[in-house]
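Notes for the one structure printed next.
Bear in mind that the values here come from a model prediction, so they are computed numbers and not experimental data. Values below: every heavy atom of this structure, side chains too, minus hydrogens, waters and symmetry copies.
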Amino acid sequence: MKLFEFQAKNIFRDAGIHVPESALVKTTSEVKKALSVIGYPAVLKSQVLTGGRGKAGLIKIVQDESAAMDAADTLFSSPHRVNTILVEEAVDIEREIYLAITVDPVEACALILSSAEGGVEIEELAESAPEKIFRENVNLEKGLQPFQTRNLVHALGLEGTAAKETAAVLSALWKVFRDRDAELVEINPLFLSRSGEVLAGDGKLILDDNAEWRQDRADAGREYFDSDAAFEAAKEGIPYLQFDGDISLMCAGAGLTTTVYDLVIDEGGTVANYLEFGGPNYRKADKAMELCLKNDSKVILMVTFGTIARADVMAEGIVSAINKLKPDRPIVTCIRGTNEADAVKILEKAGLIPLFDTEEAVRTAVALARGDS
Ligand code: GDP
Ligand code: MN
């Protein structure tokens, strides 16, 4: 689960990291009120979950009230669904540093990423000058070691108070990373201000959903999801990812669904949504198809393979979903697993043409999406 900047910054602040003075607001008149306390210049920061807000014009620096009112109106009416704005005092920046901790799945440890050249161009920097990004693995059992912090501060070319404070930020960030079961904690930029302060200018925090059971987390509302379908799927416990292509995937198993996704791309097709209705969800064909139909897709592609979950139950579910929902687009099925022969009979009886080869099913779906007959 991704958190909004203001949530990440609240957590950072609680961990002892300095953040600029701010207020969270929902209307233009609240912006005015907040600024009467914070003063000018100030920064209006749209609270949306997508990155690159600076480049998308969703971060505005304002020098006076009339500019602030105009900026607030523009942001609240932008097509990016801006419901809240974080109004912040503007920091007089001397340097912008990139600092993050994430998971290195291959090495099975944590990974610190940092650069003296932080800010909105960090992705470009990673491409054009990867040597400017400092990387250090941290053993999860041993935790962050003092020498690693010193290495980082040295690599960033920091001295004196800035070095000391940045080291403290890294320790605090490490604690947040572990305590919150995070997949990513990121501060980009970490400001070194002209008055010598070190402050989190931005905050990104992605929490590992698999650790939800041991974290006291509030239920995520609609604003955390990319679409209504993604939100509903989460409420049902159905793994779902939103894309914007032509083929709705309704497959069993994360590995198989991912493989089918890759095959679709290989065949020149595009994916509308990734939906996994295997495992504990194999009796939820109705809901799964309803979610697929919420997409503007051209075909629904169902693939299961070698499932322990009964294929005949899935086939019955699919047929019942078709009868109930009367889908307005073709359905391609390749249902293989326990009781497959019964599944085939059930699908055929409902007028479907079951396929037995995943790649053939993918090719069929891609051709249908393209409009070939
Ligand atoms: P992102 O583009 O979504 O990562 O949004 P950020 O919060 O990182 O803001 C983008 C950029 O806006 C930063 O890299 C800064 O250059 C600029 N910015 C944000 N806050 C301030 C501020 O207080 N003062 C100044 N001068 N620039 C700021
Ligand atoms: Mn940023």
Side-chain angles (χ1 to χ4, degrees), residues 1-20 22 24 47 49-51 86 96-116 118 122-123 126 133-156 158 161-192 197-221 224-225 234 237 239 254:
M1 177 174 153
K2 251 189 222 171
L3 299 189
F4 288 97
E5 176 191 8
F6 74 90
Q7 296 171 311
K9 280 182 166 166
N10 285 342
I11 291 170
F12 292 171
R13 189 192 297 112
D14 289 346
I17 298 171
H18 296 291
V19 297
S22 69
L24 191 68
Q47 297 302 289
L49 291 173
T50 43
L86 188 66
E96 295 188 313
I97 287 172
Y98 177 87
L99 182 59
I101 306 173
T102 187
V103 180
D104 183 335
V106 176
E107 298 294 332
C109 61
L111 172 65
I112 298 171
L113 291 164
S114 188
S115 176
I122 193 70
E123 278 86 8
I133 309 220
F134 167 86
R135 301 165 69 94
E136 175 103 8
N137 282 331
V138 182
N139 182 299
L140 290 166
E141 302 300 327
K142 291 186 190 148
L144 181 67
Q145 301 294 304
F147 79 88
Q148 299 184 298
T149 308
R150 286 195 295 274
N151 282 352
L152 169 85
V153 166
H154 182 254
L156 293 174
L158 299 173
T161 321
K164 228 183 197 162
E165 285 197 25
T166 305
V169 170
L170 180 64
S171 303
L173 211 55
W174 174 257
K175 192 162 162 23
V176 170
F177 178 74
R178 294 298 280 151
D179 289 353
R180 301 278 171 166
D181 288 309
E183 287 176 3
L184 172 74
V185 288
E186 183 190 272
I187 302 178
N188 183 38
L190 178 70
F191 291 144
L192 300 195
E197 276 186 289
V198 177
L199 303 139
D202 190 6
K204 201 180 264 184
L205 189 45
I206 302 179
L207 306 176
D208 181 353
D209 295 334
N210 293 310
E212 215 177 329
W213 60 277
R214 62 178 176 200
Q215 292 282 352
D216 182 21
R217 287 178 195 161
D219 279 344
Y224 289 90
F225 296 88

Quiz item: Do Ile112 and Leu144 pass the side-chain contact (heavy atoms from CB on, under 4.5 Å) test, and can you show the C-alpha distance, the side-chain angles, and the key distance before you say yes or no?
Solution: CA-CA 10 Å; Ile112 298 171; Leu144 181 67; 3.6 Å; yes

For [X] and [Y], indicate whether the former's side chain and the latter's backbone hold a donor-acceptor pair under 3.5 Å.
X      : Y      : result
Lys9   : Gly201 : yes
Glu136 : Leu152 : no
Asp209 : Met1   : yes
Gln148 : Asn137 : yes

What I'd like to find out is whether the side chain of [X] reaches to under 4.5 Å of the side chain of [Y], using heavy atoms alone.
X      : Y      : value
Glu186 : Ile206 : no
Ile133 : Tyr98  : no
Phe6   : Val19  : no
Arg13  : Ser22  : yes
Leu158 : Leu192 : yes
Leu207 : Gln215 : no
Asp202 : Pro189 : yes
Ile101 : Val138 : no

Exercise. Using the side-chain contact (heavy atoms from CB on, under 4.5 Å) rule, take Asn139 and Cys109 through it: C-alpha gap first, then chi angles, then the decisive distance, then the call.
Key: CA-CA 5 Å; Asn139 182 299; Cys109 61; 5.6 Å; no

Quiz item: Can you name the one residue among Val198, Ile17, Leu170 that meets side-chain contact (heavy atoms from CB on, under 4.5 Å) with Glu165?
Solution: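 Result for side-chain contact (heavy atoms from CB on, under 4.5 Å) with Glu165: Val198.
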
Rounded to the nearest 0.5 Å, what separates atom [atom1] in [X] from atom [atom2] in [Y]?
X      : Y      : atom1 : atom2 : value
Ile187 : Leu173 : CD1   : CG    : 4.5 Å
Leu205 : Asn10  : CG    : CG    : 11.0 Å
Phe12  : Lys175 : CZ    : NZ    : 14.0 Å
Leu111 : Thr102 : CG    : OG1   : 7.0 Å
Leu190 : Ser115 : CG    : OG    : 12.0 Å
Phe134 : Ile97  : CZ    : CD1   : 12.5 Å

Which heavy atom of [X] sits nearest to which heavy atom of [Y], and what is that distance?
X      : Y      : result
Trp174 : Gly143 : CZ2-CA, 3.7 Å
Ala167 : Thr149 : CB-CG2, 3.4 Å
Gly221 : Phe225 : O-CD1, 3.4 Å
Pro20  : Ala200 : CD-O, 3.2 Å

Quiz item: Should Glu212 and Asp181 be marked as a side-chain contact (heavy atoms from CB on, under 4.5 Å) after you check the CA-CA gap, both sets of side-chain angles, and the distance that decides it?
Solution: CA-CA 9 Å; Glu212 215 177 329; Asp181 288 309; over 6 Å; no

Practice problem: Would you check, one step at a time, whether the test side-chain contact (heavy atoms from CB on, under 4.5 Å) holds for Lys204 with Leu184? | Solution: CA-CA 7 Å; Lys204 201 180 264 184; Leu184 172 74; 3.9 Å; yes

